[in-house]
2 protein chains.
Amino acid sequence: MNYKVKEVADLVGISIRTLHHYDEIGLLSPAKITEAGYRLYSEEDLEILQQILFFKELGFSLKKIKEIINSPNFNREEALLQQRKFLQEKQQRLEKMIETLDKTIKYTRGEINMSDREKFEGFDFSKNPYEQEAREKWGDKAVDHANEKLEKLTVEGKKALGNEADEIYKKLAALKDKVSPASPEAQTAIKEWFDYLNINFGNYSLQAFKGLGQMYVADERFTRNIDQYGEGLAEFMCKAMELFADSNSR
Amino acid sequence: MNYKVKEVADLVGISIRTLHHYDEIGLLSPAKITEAGYRLYSEEDLEILQQILFFKELGFSLKKIKEIINSPNFNREEALLQQRKFLQEKQQRLEKMIETLDKTIKYTRGEINMSDREKFEGFDFSKNPYEQEAREKWGDKAVDHANEKLEKLTVEGKKALGNEADEIYKKLAALKDKVSPASPEAQTAIKEWFDYLNINFGNYSLQAFKGLGQMYVADERFTRNIDQYGEGLAEFMCKAMELFADSNSR
DNA sequence: ATTGACCATCACGTAACGTGATGCCTTATA
DNA sequence: TATAAGGCATCACGTTACGTGATGGTCAAT
């Protein structure tokens, strides 16, 4: 049920260091940690890891992957279907490269002629060709949408005093240098934030709330907006939100 | 006829910086440089670049690629055929990943069950799976390392008589003007050489053995050393080694 | 003669780990 | 039950393959 680092590494064919790294950057943290500090990965962790590796195969950066799987409108099945499509496209690219290769072989034998352009058909090392499409699905539009609201709450909210969000931000900004994210004061303020979001925008699950917090630090646009209330506020909130979600679930 | 950096970059789909980088590390330097210092790439340069990118697609490091295409026994057509094979293997890996993906989709829908092992079929992010094979074809550090020792064996071996290597060299030197490299006598002596190398230095594949033979004539230092036992011995051995490798591999 | 697109060379930055070094944990075996 | 081997953890610095400006020369067209 619970895998240790080496077991996971051997099972999926990656290095232990890679797992450490993913933990470090918060991309994939093990479900449990023993008293001795050993990482224990659950079956669900494995499934997230699978997702991560599919995206990696497609050339996404870890940062992007993190954004995607933490996106509020990320959907497992949709992602899998999308990845299927991408993998097929990649296969076609490979097919084209093989054709180019075949032509080149004939060319070196002097059997045919080949233009310089033809010599590079199927090649595309420029940019990740899938990113644009993925961005439309999970990235900017969705994020922008959430961000728009947030911007109203931060930038304009600053002017519109008496705004509840503004008050909460200020309260948190004042707390962030004095107490830890785990402190009762911070957790109380974070609960206000949680309730505020649930009243004003759809309903946030604890999981989604935690994900949102991670977005605050993962996505620059959020970070910028939030940090207007004080440098490091985004990070402080992220931690507080995670703690809040973890301690209130189960 | 002559392409400037941006033209190459656009044609191939890589960045200008990449070309600069390849020049810096001596992987691909332009055929010409203008007075003003502009890089001008020839058609041949493009073909080398194509080779480089094929290898890159297969996950080889730039260092490895440099070693390969500078290897004395590098052969353009052979490389292309090898790459074709590798690309096809990669395609199959992708195929497997897609199958895994399909299974996973069904699995998330609860239609089927899936073991943790199955969830990662087709994955292999561990090591470059093609490197081993390429290593045998074009040789690598391990071979180079053994070659250093070999050099000592030829130079110093002459003095340390009774040395087995010395005996084999002498036997071959005596044969080279009397029989052909394909003769049973020569092949028997060459087999002794092959066994000797395998006993004394790691294990030589037949491919590596053949490559080593080609090195004897391609690299002056080897030629000089070997030919101390008799003019033309290096060439004789090269042919004998190639025949030995080809007839024993089937 | 000037402008704008292109070229060059630093030189520092970054991503995704690799690679020890050092020390605690655990488990099979004597 | 002791002990040794193998696994795990955390630094912390190294590496690969470029990205990203900054700064300044070059060239063809206006």
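Labels below follow one simple rule: chain letters A, B, ... track the order of the sequence lines, proteins then strands, and each chain is numbered from 1. Just so it is clear, the values below take in all heavy atoms, side chains as well, and ignore hydrogens, waters and symmetry mates.
Remark: P of dG19(D) and NZ of K63(A) are 16 Å apart, rounded to the nearest angstrom. Atoms OH (Y3(A)) and P (dG7(D)) sit 18 Å apart, rounded to a whole Å. Computed from coordinates, the K6(B) NZ to dG4(C) P distance equals 17 Å when rounded to whole Å. Rounded to an integer number of Å, the gap from CD1 of I14(A) to P of dG18(C) is 10 Å. Spacing between atom CG of D23(A) and atom C1' of dA9(D) amounts to 11 Å, rounded to whole angstrom units. Between L19(A) atom CG and dG18(C) atom P there is a gap of 11 Å when expressed in whole angstrom units. Spacing between atom NZ of K56(B) and atom C1' of dT16(D) amounts to 11 Å, rounded to whole angstrom units. One can place NE2 of H21(B) at 15 Å from P of dT20(D), the figure rounded to the nearest angstrom.
Against DNA chain C, the stretch residues 24-32 of chain A makes no heavy-atom approach under 4.0 Å. Residues from residues 33-40 of chain A placing a heavy atom under 4.0 Å of any atom in DNA chain C, listed by number, are A36(A), Y38(A).
Ring centroids of Y169(A) and W193(A) are separated by less than 6.0 Å, placing the two rings close together.
Residues satisfying the salt bridge (charged side-chain N to carboxylate O under 4.0 Å, His left out) test with E231(A), not counting sequence neighbours, are none. Every residue was checked against the side-chain hydrogen bond (donor to acceptor under 3.5 Å, both in side chains) condition with R117(A), not counting sequence neighbours, and none meets it. Under the side-chain hydrogen bond (donor to acceptor under 3.5 Å, both in side chains) criterion, E24(A) pairs with R17(A), not counting sequence neighbours. Under the side-chain hydrogen bond (donor to acceptor under 3.5 Å, both in side chains) criterion, Q88(A) pairs with no residue, sequence neighbours left out. Annotation: salt bridge (charged side-chain N to carboxylate O under 4.0 Å, His left out) contacts of E43(B) (sequence neighbours excluded): K119(A). Annotation: ring pair (Phe, Tyr, Trp, His ring centres under 6.0 Å) contacts of F120(B) (sequence neighbours excluded): F123(B). Q51(A) is linked by a side-chain hydrogen bond (donor to acceptor under 3.5 Å, both in side chains) to nothing, counting only residues two or more places apart in sequence or in another chain.
The side chain of V5(B) sits closest to dA8(C) out of dC18(D), dA8(C), dG18(C). Residue K4(B) has its side chain nearest to dC7(C) when only dC17(C), dC7(C), dG7(D) are considered.
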Dump the pairs, protein N or O against N or O of nucleotides 12-15 of chain D, anything under 3.5 Å, distances to one decimal.
none

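L27(B) contributes atom CG, which lies 10.5 Å from atom CG of L19(B) (distance to the nearest 0.5 angstrom). Summarising the geometry, atom NE2 belonging to H20(A) is positioned 13.5 Å from atom CD1 belonging to I25(A); distances are rounded to the nearest 0.5 Å.
Taking side-chain N and O atoms only, S15(B) has a distance below 4.0 Å to OP1 or OP2 of dG19(D). Contact check, H20(A) against dC17(C): no side-chain N or O comes under 4.0 Å of OP1 or OP2. Using a 4.0 Å cut-off, no side-chain N or O of Y22(A) falls inside it from OP1 or OP2 of dA16(C).
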Ignoring hydrogens and angles, write down the donor-acceptor pairs under 3.5 Å from the side chains of residues 2-9 of chain B, residues two or more places apart or on other chains.
residue, atom, partner, partner atom, Å
Y3(B), OH, D116(A), OD2, 2.5
E7(B), OE1, K4(B), N, 2.8

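Pairs engaging residues 25-34 of chain B under the side chain to side chain donor-acceptor pair (under 3.5 Å) rule: D23(B)-S29(B) [sequence neighbours left out].
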